[in-house]
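Since the structure comes first, as C-alpha cells, the remarks are kept for the end.
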Amino acid sequence: MAFSQLDFPAFAPGSVWLVGAGPGDPGLLTLLALHALENADVVVYDALVAPRILELARPGATLEHAGKRGGKPSPLQPDISLKLVRLARAGHRVLRLKGGDPFVFGRGGEEGRALAQAHIPFRIVPGITAGIGGLAYAGIPATHRDTNSAIAFVTGQGSGGALPDAVDWAALSKGAAMLVIYMALHTLKPIAEKLIAAGRNKDEPVAIISKATTDEQTVLETTLEHAAADAKRAGIEPPAIVAIGPAVRLRHELDWLGATAAAALEATR
Ligand code: SAH
C-alpha cells in the first residue's frame, strides 16, 4: 500500500498539531509527521529541528522559527503558546514542530494546555526522543537483559540553568542502571560527583553523544569520573546527551554506524 493511501487523520484548518521531528535524521520522522509537514499552512519550529526536515514542508507553507536554546535570547514560552492560538484562530493548519518528542523535555505539555484552555483542537504526534535515537545510533542498547532493567531520562538543567532541584540524584543512582541525561553539558561535573557519592562506580562507562543521528554525530566514550573534563577537552558541542551505565560497553560490538563508515572507507581504497 502506498503512503498516500494510508488513512491519515484530517489536518483541519484552525487546529494545531504538536509534532515530534525526531533527533535529526529525516528517516526517523513518523509518517504522521510527514503527513503534517505536507499539509500544514504554518510550521512553527524550534531550534533543534534539522533544516533538512523543514525542507519537507509543503511549498508555500510559512515557516516560523520559535526556538528555545539554552543561554541565547529566545521567545518566551507564553508568547509561543499565544502565537499558536492566534494562528489557529486565523484558520490556519498549524504545525508546531519540535526536536525529538514533544512531551520529553519539549514543553509540549505547556503548549497543549494553552491550546486546551483556548478551546483550539489539537493532536499530539510523538517523535523519537534524542535519548532513544541517540543511543541507537551510538550502538548502545537502552535496556539489556540482566544488566539494564530500568532506564531513566533526566534533565541536567533546571529552569535557571543550574542543577535541577527536583532531581533526587542519590535515588536515581540506585533506581536505574542506565541514566540518559539531557541538557547536561554544563552540569556534568556536579552530576557525576553526586552519582559517585551515592555509590555509582567512578569507572562506570559514559558515552556523550553530540548531534545524534545527524551527519555531524560524534560519540565520546569516557568514565563517570572523567566525563566532565573529557567533554570540555574534546570541545563537545550541543545538543548532546550523556548515557551512563554498564551497557555503554556493548557499543564495542554494536556500533553499526562506525562499522558502516569504516567499511565504506575501506571500499574506496
Ligand atoms: N524534545 C527533545 C528534547 C529537547 S531538550 C527530545 O525528545 O529529544 C534539548 C536537549 O535534548 C538537548 O540539550 C540535548 O540534551 C537533547 N538533544 C536533542 N536533540 C539531540 C541530538 N540530535 N543529539 C543529542 N542530544 C540531543
Side-chain angles (χ1 to χ4, degrees), residues 17-30 32-33 44-54 65-72 74-75 77 80 95-112 124-140 142 151-164 166-167 178-189 191-192 206-222 227-228 231 234-244 248 251 255 257:
W17 284 24
L18 292 175
V19 177
D25 183 345
L28 296 179
L29 281 171
T30 62
L32 273 175
V44 183
Y45 63 97
D46 78 20
L48 285 171
V49 176
R52 283 174 67 202
I53 287 176
L54 293 174
H65 178 246
K68 292 201 129 264
R69 201 75 199 252
K72 296 193 185 146
S74 51
Q77 190 60 47
I80 299 175
L95 167 55
R96 174 63 171 132
L97 196 59
K98 292 168 169 287
D101 182 280
F103 274 0
V104 179
F105 306 127
R107 299 179 188 246
E110 277 142 278
E111 291 173 19
I124 311 290
V125 179
I128 294 184
T129 187
I132 294 292
L135 259 57
Y137 274 49
I140 300 167
I151 180 167
F153 293 145
V154 189
T155 174
Q157 207 171 289
S159 45
L163 265 192
V167 177
M178 175 65 83
L179 302 173
V180 180
I181 310 184
Y182 290 60
M183 298 170 272
L185 283 183
H186 296 301
T187 48
L188 197 45
K189 192 165 186 287
I191 289 172
V206 170
I208 304 177
I209 308 159
S210 164
K211 303 185 182 174
T213 84
T214 73
D215 294 340
E216 296 169 81
Q217 170 173 307
T218 62
V219 182
L220 175 76
E221 280 188 63
T222 172
I236 303 286
E237 288 182 16
I241 49 161
V242 179
I244 303 170
V248 167
R251 179 172 146 69
D255 177 23
L257 186 58

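Each ligand, and each atom within it, is numbered from 1 in the order the structure gives.
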[X] (side chain) donor-acceptor with [Y] (main chain) under 3.5 angstrom:
X	Y	answer
T129	D101	no
T30	A33	yes
K189	A228	no

Return a yes/no value for [X]: is any of its N or O atoms, backbone included, closer than 3.5 angstrom to an N or O of ligand 1?
X	result
I181	no
A240	yes
I128	no
L48	no

With I181, the side chain to side chain contact (heavy atoms under 4.5 Å, CB included) member among I191, I241, V167: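 For I181, the side chain to side chain contact (heavy atoms under 4.5 Å, CB included) test succeeds with only one of I191, I241, V167, which is I191.
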With V242 as reference, evaluate I208, V154, L220, T222 under the side chain to side chain contact (heavy atoms under 4.5 Å, CB included) test and give the passing residue.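 Result: among I208, V154, L220, T222, I208 is the only option passing the side chain to side chain contact (heavy atoms under 4.5 Å, CB included) with V242.
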Spacing of CG belonging to L54 relative to NE2 belonging to H65, to within rounding of 0.5 Å: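 Interatomic distance, L54 CG to H65 NE2, rounded to 0.5 Å: 9.5 Å.
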CD/Q157 to OG1/T187 distance, rounded to the nearest 0.5 angstrom?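 It comes to 6.0 Å.
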[X]: numbered ligand 1 atoms lying under 4.0 Å from its heavy atoms:
X	value
F105	3 (C), 4 (C), 5 (S)
I209	24 (C)
I241	15 (O), 16 (C), 24 (C), 25 (N)
Y182	8 (O), 11 (O), 15 (O), 16 (C)
D101	1 (N), 6 (C), 7 (O)

Protein contact of [atom] - nearest heavy atom, named by residue and atom, plus distance:
atom	answer
atom 22 (N) of ligand 1	P23 O, 2.9 Å
atom 10 (C) of ligand 1	M183 CG, 3.7 Å
atom 23 (N) of ligand 1	A212 N, 2.8 Å
atom 24 (C) of ligand 1	P239 O, 3.4 Å
atom 8 (O) of ligand 1	A130 N, 2.9 Å
atom 7 (O) of ligand 1	T129 OG1, 2.6 Å
atom 1 (N) of ligand 1	V104 O, 2.7 Å
atom 2 (C) of ligand 1	G99 O, 3.2 Å

Ligand 1 versus K211: contacting region, heavy-atom distance under 4.0 Å: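 Backbone only.
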Give the table of side-chain donor-acceptor pairs shorter than 3.5 Å for residues 19-29, with sequence neighbours excluded, one pair per line with atom names and distance.
residue : atom : partner : partner atom : Å
D25     : OD1  : G27     : N            : 2.8
D25     : OD2  : Y137    : OH           : 2.8

Which atom names give the shortest non-hydrogen contact between D46 and R96, and what distance separates them?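 Closest heavy-atom pair between D46 and R96: N-NH1, 3.7 Å.
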Check A142 against I132 and note the closest heavy-atom contact, atom names and distance.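 Minimum heavy-atom contact is CB-CD1, 4.5 Å.
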For Y182, enumerate each residue passing the ring pair (Phe, Tyr, Trp, His ring centres under 6.0 Å) test, keeping only those at least two apart in sequence or located in another chain.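 Counting only residues at least two positions away or on another chain, Y182 forms a ring pair (Phe, Tyr, Trp, His ring centres under 6.0 Å) with F105, F153.
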